Amino acid sequence: MDDLELDTLLARAREETPADAGAAERFLAWHRAVQVAEGGAAPTPVPARHRAVWWPALFAGAAVLTGALLLRPPDALPASAAYDAYQGALGEGW
């Protein structure tokens with residue numbers, strides 16, 4: 001058996017067939033019957049757990065605050081700072 005034949009075989013094994021769906025239905029029917037026979041009531045769907053939705057708002061607020069702090073324009077340098085920079089680069093009496 002070469003690689004191509006093996007790939008084809010595994011691809012066919014992964015495909016769901018009507019027989020698979022029927023087997024699943026039979027298993028679920030049997031499982032439910034066993035639960036009822038053991039004295040339990042028919043299974044009821046478990047309600048979905050309520051998830052906390054505050055953490056996306058927290059992350060969004062942190063992102064906005066970070067953006068506001070990092071993207072604000074820098075303070076303007078005083079004119080004397082520019083003069084000091086020129087004097088330091090070109091020397092005295094430029």
Side-chain angles (χ1 to χ4, degrees):
M1 180 176 277
D2 65 351
D3 289 341
L4 182 60
E5 291 173 342
L6 185 60
D7 288 343
T8 304
L9 177 67
L10 292 175
R12 276 189 276 145
R14 285 191 299 259
E15 294 173 357
E16 186 176 340
T17 64
D20 296 331
E25 287 297 323
R26 287 190 304 275
F27 172 78
L28 289 175
W30 168 81
H31 183 67
R32 289 178 183 134
V34 167
Q35 283 184 337
V36 170
E38 289 178 350
T44 58
V46 177
R49 192 178 80 173
H50 181 67
R51 294 184 179 183
V53 294
W54 55 268
W55 63 268
L58 178 69
F59 286 144
V64 168
L65 183 63
T66 303
L69 292 176
L70 292 179
L71 297 178
R72 67 185 170 109
D75 297 332
L77 292 175
S80 62
Y83 178 78
D84 289 341
Y86 281 120
Q87 187 174 4
L90 299 175
E92 190 72 31
W94 52 274

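Not measured: the values here are computed from a predicted model.
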Members sharing L71's hydrophobic cluster (side chains within less than 4.5 Å) = none

ask   = Who else is in the cluster with L69 when I, L, V, M, F, W and Y are joined by side-chain contacts under 4.5 Å?
value = L65

task = For F27, enumerate each residue passing the ring-ring contact (aromatic ring centres under 6.0 Å, His included) test, keeping only those at least two apart in sequence or located in another chain.
result = W30, H31

inquiry  = Once rounded to the nearest 0.5 Å, what's the spacing between atom CG of L28 and atom CZ of R26?
reply    = 11.0 Å

task = Under the ring-ring contact (aromatic ring centres under 6.0 Å, His included) rule, collect the residues that match up with W54, sequence neighbours excluded.
result = none

ask   = Is the number of heavy atoms from other residues, nucleotides or ligands within 6.0 Å of CG (D3) greater than 12?
value = no

query = Linking Ile, Leu, Val, Met, Phe, Trp and Tyr through side-chain heavy atoms less than 4.5 Å apart, which residues share a cluster with L70?
reply = none

note = Taken in chain and number order and not counting sequence neighbours, the residues that satisfy side chain to side chain donor-acceptor pair (under 3.5 Å) with D20 are T17

